[in-house]
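Structure first, commentary second.
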Amino acid sequence: MTRHELPKAYDFRDTESRIYAMWEKGGYFKPHNDPNKPGFDPNVKPFVISIPPPNVTGELHLGHAMFVSVEDLMIRYHRMKGFSTLWVPGSDHAGIATQLMVERDLLKKEEVTREELGRDEFVKRTWDWKHKYGGIITEQIRRLGASCDWDRERFTLDDGLSRSVREAFVRLYEKGLIYRGPRLINWSPGLKTAVSDLEVEYSEEEATLYYFKYMLKAEPSEGYIPVATIRPETILGDTAVAVHPDDARYKKFIGKTAIVPIIGREIPVIADEYVSMEFGTGALKITPGHDPNDYAIAQRHNLPIISVLDQAAKMNENGGPYQGQDRFDCRKNLWADMKSAGLVIKEEKYMTTIPRSQRGGEIVEPMISTQWFVKIGPLAEAALAAVKDDDIKIVPERFEKVYYNWLENIKDWCISRQLWWGHRIPVWYCPDGHMTTGRADPTQCGTCGSKDIHQDEDVLDTWFSSGLWPFSTLGWPDETPDYKYFYPTSVLETGYDILFFWVARMIMDGLEFTGQVPFRTVYLHGLIRDEHGRKMSKTYGNVIDPLIVMDELGTDALRFTLLVGATPGNDMNLSVKKVEANRNFANKIWNAGRFVINAVSSVTSQVSGTNDRSLNTNHWTLADSWIWAKMQKLVRDVERLFQTFQYGEAGRQIYEFLWCDFADWYVEIAKGQMAKDDTRYSTIETLARVLDISLRLLHPFTPFVTEEIWGHLRDSILQSRITNIAADWPEALIVAKWPEPRDLEGWEDAKVADFTLIQEVVRDIRNLRAEKSVAPSKRIAATFAAGQQTALLESQKSVIASLAGLDESQFAIQTSLSSKPKDSVALVIGSVEIYLPLSDMVDLANEKARIEKELAETQSHIERLEKLLGSDFANKAPAQVVAKEREKLAGYKETAKKIKTQLK
RNA sequence: GGGCGUGUAGCUCAGUUGGUUAGAGCGCUACUAUCACACAGUAGAAGUCAGGGGUUCGAGUCCCUUCACGCCCACCA
């Protein structure tokens with residue numbers, strides 16, 4: 001069978017889609033041990049991740065690329081380790097975001113508002129939108145190489161998940177953990193809905209602090225109380241003026257009556273310790289309808305609550321003459337009127353925190369509104385305990401503190417939203433106001449039997465359904481085979497920015513509804529910023545589009561960059577340059593692979609000693625032993641690093657091994673070894689073995705190029721006459737076995753040390769040649785006086801010759817020399833002296849300077865080490881460490897001695 | 001106000017049980033179209049590991065402290 005020549009450069013465009021289709025068609029993304037299929041073995045360990053469901057309306061951004069890279073790495077690693085892996089994909093209906101997008105679209109295309117369409121029609125249109133565009137994001141996630149089980153894909157509004165939501169709501173309701181009532185909540189006037197505390201962002205901004213007079217009733221001699229506010233329009237909703245009980249200035253006013261400016265309403269002056277005497281004027285206007293602190297004070301003093309804003313944040317009927325005005329217009333007008341009335345004291349610029357909507361950025365108003373809440377205390381306690389008791393581990397650990405802090409101070413969760421797109425609250429009201437809920441839609445009031453019932457108009461916060469995600473996607477509340485086998489999931493991986501929004505809520509919900517933690521480990525990745533650490537934003541124009549990056553540089557390059565450039569929990573700065581570097585790495589893998597594959601394919605005749613699948617180290621050259629020892633060390637290190645979630649470091653080490661050890665050194669030496677009959681086949685075997693293992697280790701990072709090359713390697717091996725390669729060769733790398741760390745056999749350290757000396761010799765000669773401007777193609781003669789290393793160097797003569805550009809026919813290695821060869825320059829490495837006949841090309845004076853410089857360097861090392869070894873170090877440091885330093889010292893001393901003889 | 005993170009080569013960053021010559025990529029300098037790869041190779045220059053103090057035989061790594069930048073949480077009008 002003839003094979004096509006592999007192209008010189010890796011063509012990821014052609015490869016990626018083909019490979020992905022092959023994986024999907026092969027069914028490799030499915031758990032190999034499926035509880036729904038015959039032959040299921042409950043003893044096989046599952047490894048499960050629920051995808052953080054992207055917004056169904058979303059477009060792929062780097063955050064998605066990050067989580068897919070990390071999660072796919074975890075999944076692929078465990079799949080290769082033999083776990084029955086399941087990665088559940090899906091998307092989130094994203095209430096507000098989606099509704100807004102569809103609204104905008106309708107307005108643009110049909111010039112129609114949702115109110116004009118009506119609720120049913122609007123929801124239908126939104127579903128149409130979802131069916132049309134909902135697949136885009138999942139298609140884009142496939143491009144990243146995500147090995148999700150797409151047959152188990154879920155959507156937070158699909159029938160099954162809607163049933164989970166219903167079940168969860170009813171359970172909480174029945175337990176008394178859900179209640180409805182008027183409370184002060186965050187209101188978004190633009191969206192006309194309540195939002196939760198988490199959806200409000202506070203920004204430090206300059207505002208105006210308005211000082212004015214709160215006039216007192218009765219005799220004018222009693223005067224006024226000065227008060228300051230940032231929001232004058234709320235004066236209209238004041239129901240008290242508060243001062244500190246011990247405040248000498250205002251004590252006399254406590255219990256008196258104040259007059260609300262312009263509208264003339266009478267309100268009491270009260271005393272409350274909350275008021276700070278030092279701050280502002282020391283007196284506080286109390287607007288319980290529009291300020292959380294004032295609300296709390298009003299509760300204590302039984303004050304009435306007056307709302308002055310409507311849903312669009314315009315002044316309502318309590319706004320007196322300002323009714324109908326926008327909140328900011330009212331502020332201006334009211335202040336002007338107060339000025340005319342002589343009530344104004346002064347205005348001051350003031351830095352303060354302004355609450356803004358996370359979506360849209362408009363100023364959020366605290367408002368009294370009737371909403372649904374989850375009594376979160378009991379849930380939070382359990383969630384707190386789960387992490388404290390180590391049932392759940394958070395990586396990196398420092399986020400546990402953040403998590404504790406949030407849960408310890410958590411407030412009830414407002415779960416109702418005045419939207420149309422979402423899970424409608426499953427509660428029905430009769431004309432008498434009785435509430436009825438249930439797992440099925442009721443036909444009559446559960447209290448009075450009235451058939452005249454209507455469902456609550458609100459929908460649930462999107463995060464209510466997201467909180468159930470790890471188990472709702474597996475079939476809960478039914479005890480499905482999937483749920484029983486795959487739940488709890490293994491790792492929850494996401495950005496630290498949604499620790500509260502999502503992770504904490506899943507933990508609370510998981511414990512509440514399933515009685516188990518929803519996952520064992522939380523792995524938090526950082527946020528991606530631009531190359532200078534700035535947030536990526538459209539206004540800055542510094543957004544990197546992962547789709548474009550993948551088009552231009554390949555998916556593997558992007559994935560490797562995100563995985564290797566990041567530390568868990570730390571933000572990462574990304575630049576296209578980095579991705580380019582990793583595109584080069586993919587190409588390096590490709591070409592190293594191409595070399596090995598060609599070598600394997602070149603073996604067309606039966607090789608003796610085949611079918612020996614064990615390693616026969618006796619036939620190995622030094623380089624063979626060295627690369628094998630390095631390889632095994634890498635396998636051990638990668639395993640250790642993976643176990644501790646240090647994926648970046650693992651990736652770096654594989655990169656370094658493949659590029660520096662394997663490609664730069666071993667492959668170069670292999671070229672020579674393959675030219676000789678006695679080492680040809682064992683060299684090809686070693687090349688193939690090392691490449692195979694490297695590709696396996698690298699596969700979770702760069703799945704496409706490794707799969708492609710491995711496939712060619714596999715074919716070439718199965719077709720060649722070399723059969724004694726100890727490896728399993730399944731049909732695809734994605735399901736190949738993860739390399740198991742081997743025990744050390746004892747010879748490794750010595751071989752590595754020997755090879756390191758060869759590397760030093762080669763490097764020093766190359767260095768000298770470069771320094772002396774010897775043409776790289778020129779082969780030069782050499783004489784070695786190698787002392788104890790004579791046998792070693794003699795055995796590596798051709799390796800040294802080819803790598804250092806020596807002429808093997810004029811290359812002598814002796815134990816010692818009676819005299820220094822004439823017209824030569826010398827190098828000294830420990831006890832090895834190297835003479836190169838270059839003196840015709842060099843200035844002898846310079847040459848002397850070079851040697852003197854080397855001597856000086858060596859002697860400084862000697863001094864340093866002698867000092868070190870003369871100190872307490874020798875007594876107190878571990879013997880091994882001391883011995884290592886002693887060895888070094890001996891080496892330097894040897895070098896110095898030899899150099900000195902040169903100078904004579 | 002509380003908590004956390006970061007500060008290592010010109011740039012972007014690694015460096016997890018403290019081991020004595022601090023690494024990578026990019027960029028820079030010189031050389032090389034050699035038969036895996038110029039998306040490459042070889043060689044090189046470049047760092048008082050933010051400052052100070054401490055623990056230790058030994059500190060980029062642990063402790064204290066100062067400075068700079070960033071983030072999160074929090075009800076002071």
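Nothing here was measured: the structure is a model prediction, and the numbers come from that model. Proteins get letters first, then strands, A, B, ... in listed order; numbering begins at 1 in each.
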Using a cutoff of under 3.5 Å, can you pull out all pairs of nitrogen or oxygen atoms linking the protein to nucleotides 39-41 of chain B, with atom names and distances?
{"from": "B:C39", "atom 1": "O4'", "to": "A:N584", "atom 2": "OD1", "distance (Å)": "3.0"}
{"from": "B:C39", "atom 1": "O2'", "to": "A:N587", "atom 2": "ND2", "distance (Å)": "3.1"}
{"from": "B:C39", "atom 1": "O2", "to": "A:R583", "atom 2": "NE", "distance (Å)": "3.2"}
{"from": "B:A40", "atom 1": "OP1", "to": "A:N584", "atom 2": "ND2", "distance (Å)": "3.0"}
{"from": "B:A40", "atom 1": "O3'", "to": "A:K588", "atom 2": "NZ", "distance (Å)": "3.1"}
{"from": "B:G41", "atom 1": "OP1", "to": "A:K588", "atom 2": "NZ", "distance (Å)": "3.1"}
{"from": "B:G41", "atom 1": "OP1", "to": "A:W659", "atom 2": "NE1", "distance (Å)": "2.4"}

Measure all distances between protein nitrogen or oxygen atoms and nitrogen or oxygen atoms of nucleotides 4-7 of chain B, and list the pairs falling under 3.5 Å.
{"from": "B:C4", "atom 1": "OP1", "to": "A:K401", "atom 2": "NZ", "distance (Å)": "2.6"}

Shorter than 3.5 Å, N or O on both sides, protein versus nucleotides 74-77 of chain B: list them out with atom names.
{"from": "B:C75", "atom 1": "O2'", "to": "A:N293", "atom 2": "ND2", "distance (Å)": "2.7"}
{"from": "B:C75", "atom 1": "N1", "to": "A:N293", "atom 2": "OD1", "distance (Å)": "3.0"}
{"from": "B:C75", "atom 1": "O2", "to": "A:Y274", "atom 2": "OH", "distance (Å)": "3.2"}
{"from": "B:C75", "atom 1": "O2", "to": "A:N293", "atom 2": "OD1", "distance (Å)": "2.9"}
{"from": "B:A77", "atom 1": "OP1", "to": "A:T352", "atom 2": "OG1", "distance (Å)": "2.9"}
{"from": "B:A77", "atom 1": "OP2", "to": "A:Y350", "atom 2": "OH", "distance (Å)": "2.7"}
{"from": "B:A77", "atom 1": "O2'", "to": "A:A228", "atom 2": "O", "distance (Å)": "2.2"}
{"from": "B:A77", "atom 1": "N6", "to": "A:S276", "atom 2": "O", "distance (Å)": "2.5"}
{"from": "B:A77", "atom 1": "N6", "to": "A:F279", "atom 2": "O", "distance (Å)": "2.7"}
{"from": "B:A77", "atom 1": "N1", "to": "A:S276", "atom 2": "N", "distance (Å)": "3.3"}

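A:L713 has its CG atom 17 Å from the P atom of B:A36, to the nearest Å. Between A:H525 atom NE2 and B:C71 atom P the separation is 18 Å, expressed in whole Å. In this structure, A:R640 atom CZ and B:U17 atom C1' are separated by 10 Å, rounded to whole Å. Distance NZ (A:K578) to C1' (B:G27): 14 Å, rounded to an integer number of Å.
The side chain to side chain donor-acceptor pair (under 3.5 Å) check on A:D197 picks up A:N186, with sequence neighbours excluded. Not counting sequence neighbours, the partners of A:K671 by the side chain to side chain donor-acceptor pair (under 3.5 Å) test are A:E668. With sequence neighbours left out, A:T756 forms a side chain to side chain donor-acceptor pair (under 3.5 Å) with no residue at all. Every residue two or more places apart in sequence or in another chain that forms a side chain to side chain donor-acceptor pair (under 3.5 Å) with A:Q653 is listed here: A:E649.
Looking at A:E857 and A:H861, their side chains never bring a donor and an acceptor atom within 3.5 Å of each other.
Residue pairs meeting the ring pair (Phe, Tyr, Trp, His ring centres under 6.0 Å) criterion with at least one member in residues 570-590 of chain A, sequence neighbours excluded: A:Y10-A:W590, A:F560-A:F585, A:F585-A:Y655. Within the structure, side-chain hydrogen bond (donor to acceptor under 3.5 Å, both in side chains) contacts touching residues 282-299 of chain A (residues at least two apart or in different chains) are A:T234-A:K285, A:D238-A:K285, A:D238-A:T287, A:Y274-A:N293, A:K285-A:T287, A:Y295-A:Q299.
Between the P atoms of B:G23 and B:A43, the separation comes to 15 Å (whole Å). Spacing between B:U55 and B:A24 at atom C1', rounded to whole Å, works out to 32 Å. Rounded to whole Å, the P atom of B:A50 lies 8 Å from the corresponding atom of B:U61. For the P atoms, the distance linking B:A40 with B:C35 amounts to 16 Å, nearest Å. Between the C1' atoms of B:G47 and B:C28, the separation comes to 16 Å (whole Å). The separation of B:A45 from B:C72, taken at their C1' atoms, amounts to 43 Å, rounded to a whole angstrom. Taking atom P in both B:U6 and B:C62, one finds a spacing of 10 Å when rounded to whole Å.
Classified by interplanar angle (parallel below 30°, tilted 30° to 60°, perpendicular above 60°), the ring pair A:Y666/A:F662 is parallel. Note on ring orientation: taking the six-membered ring where Trp is involved, the planes of A:W335 and A:Y210 are perpendicular (angle over 60°, cut-offs 30° and 60°).
OP1 or OP2 of B:C37 lies within a sub-4.0 Å distance of a side-chain N or O belonging to A:K8.
At distances below 3.5 Å, at least one donor-acceptor pair connects side-chain atoms of A:E16 with backbone N or O atoms of A:T555.
Of the residues in residues 666-676 of chain A, those placing a heavy atom less than 4.0 Å from an atom of RNA chain B are A:V667, A:E668, A:K671, in numerical order.
The number of heavy atoms from other shown groups lying within 6.0 Å of CD (A:E656) does not exceed 12.
Across all strands shown, A:Q646 has heavy atoms under 4.0 Å from base atoms, whether or not it also approaches the sugar-phosphate. A:A296 comes within contact range of no nucleotide atom at all, as no heavy-atom separation falls under 4.0 Å. Among the heavy atoms of the strands, none lies under 4.0 Å from A:T644.
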Inset, instruction - Using a 4.0 Å cut-off on protein heavy atoms (strictly under), produce a 5'-to-3' string for nucleotides 54-63 of chain B with B for base contact, S for backbone-only sugar-phosphate contact, and - for none. - result: ---B------
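Between A:R331 and A:E233 a salt bridge is recorded (basic side-chain N to carboxylate O distance below 4.0 Å).
A cation-pi arrangement is absent between A:R356 and A:W187 under the rule of less than 6.0 angstrom and at most 45 degrees off the ring axis.
Closest to the side chain of A:R763, out of B:A43, B:U12, B:G19, is B:A43.
A stem is defined here as three or more consecutive Watson-Crick or G-U pairs, each with both distances under 3.5 Å; for RNA chain B these stems are B:1-7 with B:67-73, B:10-13 with B:23-26, B:28-32 with B:40-44, B:50-54 with B:62-66.
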Inset, instruction - Under the side chain to side chain donor-acceptor pair (under 3.5 Å) rule, what do A:Y350 and A:E206 come out as? Steps first, then yes or no, please. - result: CA-CA 5 Å; A:Y350 183 68; A:E206 190 181 71; over 6 Å; no
